**Q** 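If you scroll down you'll find the structure; I have some questions about it.
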Amino acid sequence: MAKAYLATYDLNSPGQKYDEVIGLFKGELSLAYCKYWESSFLFTSNLTPSQMMAKLKPHLDNGDKMIIVEVIDNKGGWLTQTQWDWINENIFD
């Protein structure tokens, strides 16, 4: 069963691999995703955070930071109505 997750990261090492990391979040890690922030993804996945990190690890360096946490439908924030609509329809349906 798919769950909602938030991943946020800082790729700090020279030769950052943002394209590879973003590609994984937009592809095999996510069923649906939104990227309204520079270094974060809100998405649904059938994978566990440990499984996701195993796929991401080859693209991370020792100086990089990342956390993936499960999200529950208890939220607040400052987004446009269009962004909230997408989140409510795709992440918390």
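If you're wondering where the values come from, they're calculated on a predicted model, not measured in any experiment.
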**Q** Would V71 and K3 satisfy side-chain contact (heavy atoms from CB on, under 4.5 Å), going step by step from the backbone distance to the final call?
**A** CA-CA 8 Å; V71 177; K3 294 183 178 182; over 6 Å; no

**Q** Would you confirm whether K35, through its side chain, and E38, through its main-chain N or O, come within 3.5 Å as a donor-acceptor pair?
**A**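 At least one qualifying donor-acceptor pair exists.
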
**Q** Got more than 12 heavy atoms from elsewhere within 6.0 Å of CD, Q81?
**A**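 Enclosed: over 12 neighbouring heavy atoms sit under 6.0 Å from CD of Q81.
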
**Q** Can you tell me how far apart CG (L24) and CG (L29) are? Round to the nearest 0.5 Å.
**A**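 So the gap between those two atoms works out to 5.0 Å.
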
**Q** Please find out if less than 6.0 Å separates the ring center of F41 from that of Y33.
**A**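 Yes, the ring centres sit under 6.0 Å apart.
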
**Q** For the atom pair NZ (K75) and CD1 (I87), what is the distance rounded to the nearest 0.5 Å?
**A**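 CD1 of I87 is found 8.0 Å from NZ of K75.
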
**Q** Can you classify the ring geometry of Y18 versus Y9 as parallel (below 30°), tilted (30 to 60°) or perpendicular (above 60°)?
**A**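 The rings of Y18 and Y9 sit tilted, inter-plane angle from 30° to 60°.
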
**Q** Output the distance between atom NZ (K65) and atom OG (S39), rounded to the nearest 0.5 Å.
**A**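 Going from the NZ atom of K65 to the OG atom of S39 covers 13.5 Å.
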
**Q** Same hydrophobic cluster for V69 and Y36, using side-chain heavy-atom links shorter than 4.5 Å among ILVMFWY?
**A**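 Same hydrophobic cluster.
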
**Q** Are L56 and F43 linked, directly or through intermediate hydrophobic residues, by side-chain heavy-atom contacts shorter than 4.5 Å (ILVMFWY only)?
**A**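 Yes; L56 is reachable from F43 via cluster members.
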
**Q** What's the shortest heavy-atom distance between P58 and A54, and which atoms?
**A**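 Shortest heavy-atom separation between P58 and A54 comes out as CD-O, 3.5 Å.
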
**Q** Please determine whether side-chain contact (heavy atoms from CB on, under 4.5 Å) holds for the pair Y5 and M52, giving the CA-CA distance in whole Å, both sets of side-chain angles, and the decisive distance to 0.1 Å.
**A** CA-CA 11 Å; Y5 296 97; M52 291 178 228; 3.5 Å; yes

**Q** For residues W37 and M66: do they belong to one hydrophobic cluster (side chain heavy atoms under 4.5 Å, members Ile, Leu, Val, Met, Phe, Trp, Tyr)?
**A**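 No.
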
**Q** Heavy atoms, side chains only, cut-off 4.5 Å: are D64 and D10 in contact?
**A**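 D64 does not reach D10 side chain to side chain.
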
**Q** Would a single hydrophobic cluster contain both L6 and F92, if residues Ile, Leu, Val, Met, Phe, Trp and Tyr are joined by side-chain heavy-atom contacts under 4.5 Å?
**A**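 Per the 4.5 Å side-chain linkage, F92 and L6 are co-clustered.
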
**Q** Report yes if the side chains of T80 and D85 come closer than 4.5 Å at any heavy-atom pair, otherwise no.
**A**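 Answer no - side chains too far apart.
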
**Q** So how far is it from E28 CD to S45 OG, rounded to the nearest 0.5 Å?
**A**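 That separation rounds to 9.5 Å.
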
**Q** Run L47 and K55 through side-chain contact (heavy atoms from CB on, under 4.5 Å) and show every step you take.
**A** CA-CA 10 Å; L47 301 174; K55 291 179 180 289; 4.0 Å; yes

**Q** Please assess L31 against N46 for the test side-chain contact (heavy atoms from CB on, under 4.5 Å), listing each intermediate value before the final yes or no.
**A** CA-CA 8 Å; L31 300 172; N46 289 321; 3.7 Å; yes

**Q** Can you confirm whether T44 sits close enough to N90 that some side-chain heavy atom of one is under 4.5 Å from a side-chain heavy atom of the other?
**A**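 No, too far: nothing below the 4.5 Å cut-off.
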
**Q** Could you grab the distance from atom CD of E70 to atom OG1 of T48, nearest 0.5 Å is fine?
**A**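 Separation between the atoms: 10.5 Å.
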
**Q** Could you grab the distance from atom CD1 of I68 to atom OG1 of T8, nearest 0.5 Å is fine?
**A**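 Here the rounded value is 10.5 Å.
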
